[in-house]
Amino acid sequence: MEINRISVWQLDLPLHKPYWLSGGRLKFEQLDSTILRIDTDEGVSGWGEGCPWGVTYLPAFGKGIRAGIDELATLLIGKDPRQLDAINRIMDLALPGHPYVKSAIDMACWDIAGKSANLPLCELLGSREPAPVPIASSVSTGSPQEMLDEVQRFRDQGYRVHSCKVGADVALDIERINLLAANERAGEIMFYDANRAWLPREAITVLNSITGVSSWFEQPCETLDEIAQVRRHTSCPIGVDEGLHTMEDLIRIQRDGIAELVNIKINRVGGLTRARRMRDFCLATGITMLIMDTGGTVLADTAVAHFAQTIPAPSCLGVWSCQDMVSVDPAPGQGARNVDGCF
Ligand code: MG
């Protein structure tokens, strides 16, 4: 089987409502998604999507994906899309780094591999765990009461995992977290996600001011060095999200005991092939996972849902459904859909 055509579309994804991270530091109203289709000489086609969360969240942007695909596409014509490691080696040799550029291509190749093997992606990736995968809510930063009200709206839709965005105002963050933690219900998992907003001393102050919280603190500071510093001064469980780009990052997180949880975002780490290696390392070393993409439609969410479905429940706390936050659906009625807060 050989790739004989790669087609690319740009798709604007307006959010249903503006969204703030890190106490208002990052505001988003529309995402720029890239949809890609790979065709083969045997008539099997695969779809992929790459969608950064705006241009300011990570070193990634929509036009960059399309420019990168333009660099890589001609090198992939004639290659077998089912040989994922070979496809990734070709991309890495031609364009070192730029993992977010390669994710949509990798995703489309996995789609072709699954279709040609007549297997759902999760089974091709190694397992179909029996339990539905919980979707984590995404609670925009606001006043403590606004955030609690938002958590309640998600509860009413069946969610039991909540990712509450904090950061930038230490006193207010302590108030926010204490109110949310006091109202946490049995069986719920709460994440307090600072999206890199705190300095180490601010994170240490917040984490040591919260009483009775068994919840997770995600990406409290910008760098792994800073998070390692926080780790030494608190017993709260910590997650790394934006600080995980490469396998080297993951090895360091495990070796130095920086975090107990990582958020593997498929687009950020360079696709399902790399995400799968990270998954296996986490399973081998006891690191808990969240599985997400950086944004997108049902297409990206479906890859996420299948990938997360391969991980035994105790090791995967949840996923995220970006499709529920955007007002465009390119594949109505198809793919993974939110059913009572789960995929
Ligand atoms: Mg996060």
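Keep in mind that the numbers below use all heavy atoms, side chains included, and drop hydrogens, waters and symmetry copies. Counting convention: from 1, in listed order, for ligands and their atoms alike.
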Of Asp329, Asp301, Thr302, Asn338, the one forming a side chain to side chain donor-acceptor pair (under 3.5 Å) with Gln323 is Asp301
Is any NZ, NE, NH1 or NH2 atom of the basic residue among [X] and [Y] found under 4.0 Å from an Asp or Glu carboxylate oxygen of the other?
| X | Y | value |
| --- | --- | --- |
| Asp173 | Arg176 | yes |
| Arg89 | Asp85 | no |
| Lys102 | Asp106 | no |

Minimum-distance N/O/S atom that [X] presents toward the Mg ion (ligand 1):
| X | result |
| --- | --- |
| Glu218 | OE2 |
| Asp241 | OD2 |
| Asp193 | OD2 |

